[in-house]
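Notes follow the structure.
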Number of protein chains: 2
Amino acid sequence: MNLNLEDIARLSGVSRSTVSRVINNHPNVREATKEKVMRVIREQNFHPNPVARMLATQRAQIIGIVVSQTATTFFNDTSSYFPTIIQGIADTTNERNYGTLLWLNNGSDSENEENFYRRIIHNRLMDGVIVISGSSSRILVDHLAETNIPFVCIERPHGVADRTTYVSINNVEGAKQAIRHLVSLGRRRIGVVMGPPENTDATDRLAGYYEAMQEAGLEVDPAWVFVGQFTTETGLQGARALLSQRVDAIFAGSDQIAIGLLQAFHEEGVRVPEDVAIVGFDDLPSAVEVTPQLTTVHHPIREKGAVATRLLLEQIEGRSVEPQHIFLPTHLVIRQSCGAARVQNSVQAQVQEV
Amino acid sequence: MNLNLEDIARLSGVSRSTVSRVINNHPNVREATKEKVMRVIREQNFHPNPVARMLATQRAQIIGIVVSQTATTFFNDTSSYFPTIIQGIADTTNERNYGTLLWLNNGSDSENEENFYRRIIHNRLMDGVIVISGSSSRILVDHLAETNIPFVCIERPHGVADRTTYVSINNVEGAKQAIRHLVSLGRRRIGVVMGPPENTDATDRLAGYYEAMQEAGLEVDPAWVFVGQFTTETGLQGARALLSQRVDAIFAGSDQIAIGLLQAFHEEGVRVPEDVAIVGFDDLPSAVEVTPQLTTVHHPIREKGAVATRLLLEQIEGRSVEPQHIFLPTHLVIRQSCGAARVQNSVQAQVQEV
DNA sequence: ACGCTTTTTGGGAGCGCTCCCAAAATCTAC
DNA sequence: GTAGATTTTGGGAGCGCTCCCAAAAAGCGT
């Protein structure tokens with residue numbers, strides 16, 4: 001039922017090779033021939049079989065997106081971190097006519113995980129792979145590094161980092177921007193609630209916190225540092241832990257955490273930003289949906305995906321070989337939760353009236 | 001560098017065909033031969049080239065997931081509708097060793113859209129396709145129906161519905177559950193803020209609202225019905241529109257809308273549930289993160305993805321031909337926003353103390 | 001019109017598998 | 001040991017394309 005090159009060749013009175021040349025618009029085809037063939041192709045609504053082409057060229061025009069187990073939790077919460085990265089990837093792949101094969105590991109046992117990685121590595125359908133949250137899928141990254149499948153990580157991976165191309169953001173600087181801002185507003189007892197140490201974003205942001213505190217000449221009491229996950233749950237716990245330390249500001253390692261802080265403080269009757277100022281990280285869509293709106297470090301998530309894809313395609317198409325390490329810039333978005341903005345948020349306004 | 005069947009054959013002293021039989025564990029291979037070949041395969045860490053296999057078998061073990069343009073907006077908000085469906089799909093594809101090709105259209109102009117659909121239809125890499133939000137990608141569904149690529153829609157599509165297999169939920173019944181509950185709590189002036197009429201979930205939920213109101217013998221004032229998008233923005237607008245109608249309850253077409261209502265009422269000083277009771281739809285993760293927690297109709301999103309995939313694979317593997325229409329059941333989750341729960345939410349507790 | 005260069009075209013081989021058929025090996029029973 | 005049935009194995013053809021090389025056609029200058 002489906003036609004092939006040979007059929008089109010017969011119908012247009014030329015050879016298979018000429019049809020192939022027309023399709024791949026090879027320069028050396030006479031204009032008249034080209035048009036003749038093109039007409040037949042259009043008439044028959046012919047589309048060359050990509051599988052055959054793959055087999056012949058050893059290229060698939062497909063990249064893989066791997067979302068590792070841990071990271072999968074992101075899908076369940078209200079952060080849209082992952083989907084946003086994927087959108088960024090799609091921005092580039094659509095533009096360049098690549099397909100994307102999505103690998104989501106949501107099994108739980110590690111036997112499955114091993115099998116999951118095998119499937120990825122041996123699936124020769126992909127010209128390259130983007131590993132999201134490289135820090136949490138070290139095994140895969142190591143495997144990938146052994147083969148010569150081009151790949152790039154999103155977020156700085158552990159271990160193989162310098163031999164690997166990755167795209168991250170300037171977490172250290174972002175954290176410093178946040179802390180400096182709090183300091184400039186007169187806060188001194190600045191605590192931090194951070195994500196897990198396996199996550200390089202978390203470690204980098206924490207490093208930025210320490211650096212900025214030191215630069216400001218502020219000593220950090222270890223009890224001001226609460227480490228958990230990048231979740232609202234951790235925010236709730238962190239709020240309780242830090243409240244007893246009488247901190248006057250908290251740097252939340254992510255907006256998810258910040259939202260947890262906000263919830264806890266709301267319940268405890270602690271006023272934000274009056275009693276405790278909060279600065280988040282990520283600038284998620286929900287940062288403006290909470291009360292008070294979050295002051296937060298903008299994280300160019302979608303761009304990360306797009307840039308990673310561009311780098312990967314360069315690698316695939318052989319235009320680049322050297323491992324690259326990209327850190328996209330961040331910037332602070334000042335809203336209400338830090339207390340810098342004039343605007344009073346409506347909760348207080350209301351409570352004061354009562 | 002990569003070995004092929006012939007190499008393995010040579011190394012194990014048998015023929016290509018025998019190796020192929022071993023790999024596909026065809027019954028007629030002597031045990032001894034089988035083991036010999038297996039050993040070589042393991043030693044060489046050989047994996048057959050899936051592309052060649054595809055070309056020979058005309059089967060790819062890959063399905064496509066199409067997320068159409070309009071739906072893409074879901075990615076940007078805090079609803080995790082889409083990612084959750086995709087997880088459901090992955091649950092099934094991982095189990096069955098299928099790969100998934102993700103098609104995300106985030107371009108804007110319609111020329112792109114046409115091209116996007118072409119790419120999908122002519123990409124012969126997919127044994128079948130899952131169209132998410134079929135109602136919004138009618139063109140694609142029509143195209144797909146013309147070819148004989150197996151496909152399944154998530155949500156009831158427009159037009160071709162009865163010739164098409166789709167998986168949806170019982171929107172009508174879900175809406176009725178919500179309304180009945182509000183009626184049982186003594187509410188009479190029940191308004192509704194609903195998503196767009198192009199969306200069949202929206203139309204079905206609205207139909208359920210009308211039916212339930214009629215069953216309860218309550219007349220619906222047309223001014224109580226506000227139609228927009230499935231977004232918080234629409235919630236904000238809807239709240240303002242319905243407030244002047246002095247409704248005592250609102251059925252929100254989605255939790256996103258409900259969150260918008262909550263925000264607006266919070267700002268206006270309208271108490272929920274005392275002044276206005278709210279019931280949402282979807283039971284998103286954020287339903288428990290807002291104050292008061294949302295009473296809402298549970299929507300088995302992930303299951304929808306999993307079921308759709310199972311149906312698709314049956315179709316692909318030829319075990320089913322008749323179009324099927326599945327409506328997964330919903331149930332009401334009672335929390336705080338309807339006023340049925342004893343627990344007072346903390347905002348009021350606080351305000352009352354002041 | 002003719003030789004020479006350049007462009008255009010056709011066909012073979014190959015990508016790495018599966019599937020079919022026929023040949024070889026093995027088994028069975030006498 | 002042998003005929004006949006059955007199991008196991010090997011090799012050819014084919015899936016639909018690309019790529020290379022050689023042959024054919026066209027262009028060009030005299």
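Hydrogens, waters and symmetry mates are skipped; everything else that's a heavy atom, side chains included, is used. The chains referred to below are lettered A, B, ... by the order of the sequence lines, with proteins before strands, and numbering in each begins at 1. Here the structure is a predicted model, which means the values were calculated and not measured.
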For Asn28(A) and Arg21(A), test the side chains for any donor-to-acceptor distance below 3.5 angstrom and give the result as yes or no. no

Rounded to the nearest Å, what distance is computed from the [atom1] atom of residue [X] to the [atom2] atom of nucleotide [N]?
| X | N | atom1 | atom2 | value |
| --- | --- | --- | --- | --- |
| Glu6(B) | dG14(C) | CD | P | 12 Å |
| Leu55(B) | dC15(C) | CG | C1' | 9 Å |
| Asn25(B) | dT18(C) | CG | P | 12 Å |
| Leu5(A) | dG12(C) | CG | P | 16 Å |
| Ile8(A) | dC17(D) | CD1 | P | 9 Å |
| Arg21(A) | dC20(D) | CZ | P | 12 Å |

Is it the case that dT18(D) (base atoms only) and Arg16(A) (side chain only) share a donor and an acceptor within less than 3.5 Å, ignoring hydrogens and angles? yes

Confirm from the modelled atom types if Arg124(B) and dG16(D) form a donor-acceptor pair under 3.5 Å, side chain to base only. no

Between [X] and [N], is there a side-chain N or O to OP1/OP2 distance below 4.0 Å?
| X | N | answer |
| --- | --- | --- |
| Gln58(A) | dG16(C) | yes |
| Asn4(B) | dG16(C) | yes |
| Asn49(B) | dC17(C) | no |

Looking only at dC17(C), dG12(D), dG10(C), the nucleotide nearest the Ser17(A) side chain is dG10(C)

Which of parallel (below 30°), tilted (30 to 60°) and perpendicular (above 60°) describes His47(B) and His122(A)? parallel

